[in-house]
Structures are given as C-alpha cells and as structure tokens.
Amino acid sequence: MARNTVWHPFTQHALEPPPVKIARGKGAWLETQDNRRIFDGISSWWVITHGHRHPAITAAVHDQIDKLDQVIFAGCTHEPAETLAEKLIDVAPRGLAHVFYSDSGSTAVEVALKMALGYWRNIGQAKTRIAALEHGYHGDTIGTMSAGARGVFNAAYEPLLFDVIHIPFPHPGREQETLDALDAAGRDGSLAAFITEPLILGAGGMLIYSADVLAEMKRVCERHNALFIADEVMTGWGRTGTLFACTQAGISPDILCVAKGLTGGSLPLAATLATPRIFDAHYSQDRSRTFFHSSSFTANPVCCAAALANLATWQTEPVPERVAKLAKIQDEHLASFAADPHFENPRRIGTITALDLKVSDGGYLASANIALRTHFLSHGILLRPLGNTIYVMPPYCSTAADLALVYDAIRSAPAAIKASV
Ligand code: PLP
C-alpha cells in the first residue's frame, strides 16, 4: 500500500495517479517541476480570474508584507481592510453596507448562516429553518454541507448535518415547482433564510437557471419575510459575465458571500456582506447580541491588499471585454459539439461552459472520470470533470489558441478514454 504523507482534498489516493508537481504559474499556464506546461482550464478550482501572478496583485502582496503581515482583527483594524470594505460595498449589489471577513468560501457561507440565525434571534423572532436548492454546493464544513446537496461525499457525516429544506432545482419548464416549493417552505413563518448559488450551481454539475427564476425566488423570500443569501463564491468576479450574477436578475440579496476571485485567486480571503438591518440587530448594549464568529486570520492585511489590487484591476484593465470575448470564443467551440453523438447538453453562462459525456454510469462517481482527467493532462490541459460533466472555467487572460487546445482535447476524449476505461 502506497502511503501518502500529504492527504489531498477530494482525492482517492488508491485509484488516482500521483498528483502533478507544479513549480510555477504565469497567466493561464502552470509549469511542472520537470518543466512541462499545463493550461489551467479550471482556474485552479475556480479562483484565478486575471491569471496567475498578475503583476499588480503580486506587487501589492510584496508591498503589504513589508509593512504588516498579520494582526488580530478584534480590537484592531488596518487600512487595507477598511478601504477594501468600502470598495466592496461600492461594487456589490445595492443595499449591502457591512463587510465581515473570513478566509474561504465555506467560512463565508457559515458566517452568512450564523448571521441569518443571529438576526432573527436578536430581533426576537422564532425563525430558524434554512432552505437551499437541490444540487447546491456551499462548502465542506458541517454547516455548509448541511445546506448543500446530500450524496456520496457527505453520507458519512449525515448524522451531524442539520435539517434543511431542499427546494427542487428549476429545470427548464419546471420552474414553477421550484417557486411553489419555496413558497410552501415559507408559509409557516419559520424560514430564516434561503441560500442559493445565483444563475448556476457549480459543483452540483454546472446547472444553469434563468435570471427570471432567481428574481422570482427573491420575491418569494420577501413575501415570507425570509432572508435571501446569495452564495457568489464561485459566480462572483465575472464568471457569469457580470461582476456578480445577482446583477443579471436585478436583485440585491440580504447577505452576499464572496471568496475565490476576491483576491484574483492569489490568496485566501472571503467576505460576507450584509444589509444594515442585519448589522443593526447585532448592535446593542447587550453583549449577548454580539456576532460571535472569528478566525485567526480574519482580514489578513496581505490578502486584503491583494483584493484591493484585484478591484483596481477591474478598473484599470478591460476585464469585462475579456470576459465577453471568452464567452464568444467558447460559444463557437461549443456549437461544434451540438451534433457530436458522444456529448449532450452543451451549455454556457459567461465564461463557464459545460457538456456531459454520454456514459452508462453518470453521476459524481462516473467511471470515466479519472480517465478523462488523465487524457486532458496528457494533452497539457488541467480539467477536472464533475463525474461525466466536463466543464471549462478559464482565467480571463486565456487566448483563442489556448481554448482551441482545450476543445480539441475534449473532442478527442471519447475515443481516447474508450481505450483506457
Ligand atoms: N460556495 C460555492 C458556490 C462554491 O463553489 C464553493 C467552492 O467551490 C464554496 C462555497 C466553498 O468555498 P471554499 O472551497 O473556498 O471553502
């Protein structure tokens, strides 16, 4: 039995090839220890937006580490965190006025759930239930797994997960079922909050739904006085074509979670933004109404400086144009798959595309999965299909030539893996 000292995430060490040792990254490309180049077709788990080692972000990191590396964030504050909060509020959907920092997407969502529960408790209302979309993914902590889809990846932890009302995904033509289920969940007055990934469920299989449904779900929550939490951990920072996906539905959530691309993907930082009523419910002479949450590295100054440089990049570089161009190029590639009998459901939103490889055993544990990954790597491309769903989520500096390589490798995958599965 091979023993791995490093235990990798979501990795079956007994089945998967040894991890690729990456030594360097620049733009949309990674370089291995033995000097092979690999195109980062999934933005290193959806975090890298402008490209690896973006010069302005890297410079801001160097500059900040020379001034202040880390400081406790309770009782102390610092310029990068203060300025970043103001700038985040400027670019976020209207109405969000307070920023709570943490370190990852999961913690941003945990904070959101705790804020929602704390809000209702502090204003003396017995609303404690959470609703979430079927197939959703919000992280891998106990709270976020509770809100997410249940499956093979959390079956062992099921006894610890709290009960959440799972609302059916708004499949095209069945949107009313979703709205009716959310409406039913709100009717007894116990619904504290509804959480969703706006416009596309990422880890659940790159499932896209319309802005109209998103807007309607927000209206249902308003009708039942339930908070609306937008988990934009993956969708934020341009992935769906706009800075935030909520904008496309013209909605402002009560609570917004951001992470991943907040620092351009360079360093771990997350933020949970809230409206004044949520902050005000915790603002009290009574210390028991404090928002009781922290982590050691909350608002790390170097991470905040990286995030400020990311926000500046959105202003100084033509990022929306790059995003639009990626969409157009990928549309052309996707069109060529429409008649390919090996694939189904080619789809795109913003910079994200996906298509499903036709297999007899679909789902997260689809047997083709590891062979697909190996095939892509052998073509110098990092893709990590979700089961048999192949998706592309490239950094915004990717070129037409880079993307041509990706889609060529996807096109040749069925024949290649037939030989290996
Ligand atoms: N929420 C969404 C929508 C995500 O896609 C993810 C991660 O992919 C998370 C939360 C968890 O983020 P993290 O992996 O940074 O904890």
Side-chain angles (χ1 to χ4, degrees), residues 8-11 40-49 100-116 130 132-151 153-154 157 161 164 166-167 169 193-209 214 217 228-240 244-246 253 255-273 293 295 297-298 300 303 306-307 310 349-352 354 364 382-387 389 391-393:
H8 287 261
F10 268 74
T11 299
D40 192 352
I42 54 163
S43 298
S44 282
W45 249 345
W46 320 348
V47 301
I48 299 290
T49 49
F100 192 96
Y101 292 110
S102 62
D103 334 284
S104 72
S106 300
T107 54
V109 173
E110 289 281 353
V111 164
L113 297 173
K114 285 175 69 173
M115 274 181 183
I130 300 291
L133 269 194
E134 174 197 13
H135 304 306
Y137 176 79
H138 301 286
D140 278 330
T141 53
I142 297 295
T144 58
M145 276 193 296
S146 301
R150 307 293 164 92
F153 30 81
N154 50 33
Y157 327 117
L161 305 187
V164 161
H166 288 280
I167 306 294
F169 177 79
F194 169 64
I195 180 166
T196 187
E197 297 160 79
L199 300 184
I200 175 168
L201 307 193
M206 299 298 161
L207 304 174
I208 299 169
Y209 64 96
L214 180 60
M217 293 192 301
F228 187 93
I229 304 173
D231 176 354
E232 294 237 22
V233 167
M234 187 277 268
T235 53
W237 311 108
R239 292 288 179 204
T240 68
F244 297 109
C246 280
I255 303 179
L256 172 75
C257 307
V258 293
K260 291 192 188 277
L262 169 57
T263 59
S266 60
L267 287 172
L269 181 70
T272 307
L273 280 67
H293 191 95
S295 60
F297 289 101
T298 300
N300 172 268
C303 298
N310 165 48
I349 183 167
T351 66
I352 310 165
Y364 192 79
L382 175 62
L383 291 185
R384 196 181 158 86
L386 295 154
T389 298
Y391 70 89
V392 187
M393 200 187 295

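One-based numbering, in listed order, for ligands and for the atoms of each.
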Open item on the list: Pairs of nitrogen or oxygen atoms closer than 3.5 Å, one from G105 and one from ligand 1: do any exist?
Closed with: yes
TODO: Looking only at protein heavy atoms, identify the closest one to atom 4 (C) of ligand 1 and say how far it is in Å.
DONE: Y137 CD2, 3.8 Å
Task: pair F297-L269: side-chain heavy atoms closer than 4.5 Å - done: no
- [ ] Find out whether Y137 and T144 are in side-chain contact, i.e. whether some heavy atom of one side chain is under 4.5 Å from a heavy atom of the other.
- [x] no
Open item on the list: Quick check on contacts: which atoms of ligand 1 are under 4.0 angstrom from a heavy atom of D231?
Closed with: 1 (N), 2 (C), 3 (C), 10 (C)
Open item on the list: Give the atom numbers and elements of ligand 1 that come within less than 4.0 Å of a heavy atom of M234.
Closed with: 5 (O)
Task: Contact check: W46 vs ligand 1, nitrogen or oxygen atoms, below 3.5 angstrom - done: no
Task: Which residue and heavy atom of the protein sit nearest atom 11 (C) of ligand 1, plus the separation - done: S106 N, 3.5 Å
TODO: Using modelled atom types only, decide if a donor and an acceptor are shared between the side chain of E197 and the backbone of M234 within a distance under 3.5 Å.
DONE: no
Task: Polar contact flag, side-chain donor to acceptor under 3.5 angstrom, T107-E110 - done: no
Open item on the list: Against ligand 1, does K260 come closer than 4.0 Å with any heavy atom?
Closed with: yes
Task: K260 vs R239 side-chain heavy atoms within contact, under 4.5 Å - done: no
Open item on the list: Angle between ring planes, Y209 versus F169, binned at 30° and 60°: parallel, tilted or perpendicular?
Closed with: perpendicular
Task: Short side-chain to backbone donor-acceptor contact, D103 and P268, under 3.5 Å - done: no
Task: Interfacing atoms of ligand 1 (cut-off 4.0 Å, heavy-atom, E197) - done: 3 (C)
Task: For H138, atoms of ligand 1 separated by under 4.0 Å from a heavy atom - done: 1 (N), 9 (C), 10 (C)
Open item on the list: For atom 9 (C) of ligand 1, what is the closest protein heavy atom, and at what distance to 0.1 Å?
Closed with: V233 CG1, 3.7 Å
